[in-house]
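As structure tokens, the structure follows; a few thoughts come after it.
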Amino acid sequence: MPIAVDIDVMLAKRKMSVGELADRVGITPANLAVLKNGRAKAVRFATLAALCEVLECQPGDLLRWEDEAPAGG
């Protein structure tokens, strides 16, 4: 998927566990793991806003686009 999720990076910077983040955002640890591991097909803006509020960051700190085009093609 061309959208990469960098929640792990922000968790490390904030010295926060997945369980604590899930609790503070109001989602299950399982759903947070799906998002964090890049397996989510969508994310609600309300969830993204809550993640940014708790982690004190911008959406671009959590999500980035990666080009999937084959090299040299």
Task: Counterpart residues, side-chain hydrogen bond (donor to acceptor under 3.5 Å, both in side chains), relative to Arg64 (two or more places apart) - done: Asp6, Glu66

Task: By side-chain hydrogen bond (donor to acceptor under 3.5 Å, both in side chains) - contacts of Ser17 (at least two apart) - done: none

Task: Approximate separation, where rounding is to 0.5 Å, of Ile27 CD1 and Leu35 CG - done: 6.5 Å

Considering only distance and modelled atom types, tabulate donor-acceptor pairs under 3.5 Å from the side chains of residues 48-55, sequence neighbours left out.
none

Open item on the list: With clusters defined by side-chain heavy atoms of hydrophobic residues (ILVMFWY) lying less than 4.5 Å apart, directly or transitively, does Val43 cluster with Leu11?
Closed with: yes

Open item on the list: Could you see if Ile3 belongs to whatever hydrophobic cluster contains Val9? Use Ile, Leu, Val, Met, Phe, Trp, Tyr and a side-chain cutoff under 4.5 Å.
Closed with: no

- [ ] Verify the neighbour count for atom CZ of Arg44: are there more than 12 heavy atoms of other residues, nucleotides or ligands below 6.0 Å?
- [x] no

Task: Distance, nearest 0.5 Å, that separates CZ of Arg39 from CG of Asn31 - done: 10.5 Å

TODO: For the residue pair Leu32 and Val25, establish whether any side-chain heavy-atom pair is separated by less than 4.5 Å.
DONE: no

TODO: With sequence neighbours excluded, tell me which residues meet side-chain hydrogen bond (donor to acceptor under 3.5 Å, both in side chains) with Asn37.
DONE: none

TODO: Scan residues 16-30 for pairs that pass salt bridge (charged side-chain N to carboxylate O under 4.0 Å, His left out), counting only residues two or more places apart or in two chains.
DONE: Glu20-Arg24

TODO: Quick one: list whatever passes side-chain contact (heavy atoms from CB on, under 4.5 Å) with Asp61, sequence neighbours left out.
DONE: Met10, Cys57, Gln58

TODO: Decide yes or no for Ile7 and Leu21: does some side-chain heavy atom of the first lie under 4.5 Å from some side-chain heavy atom of the second?
DONE: yes

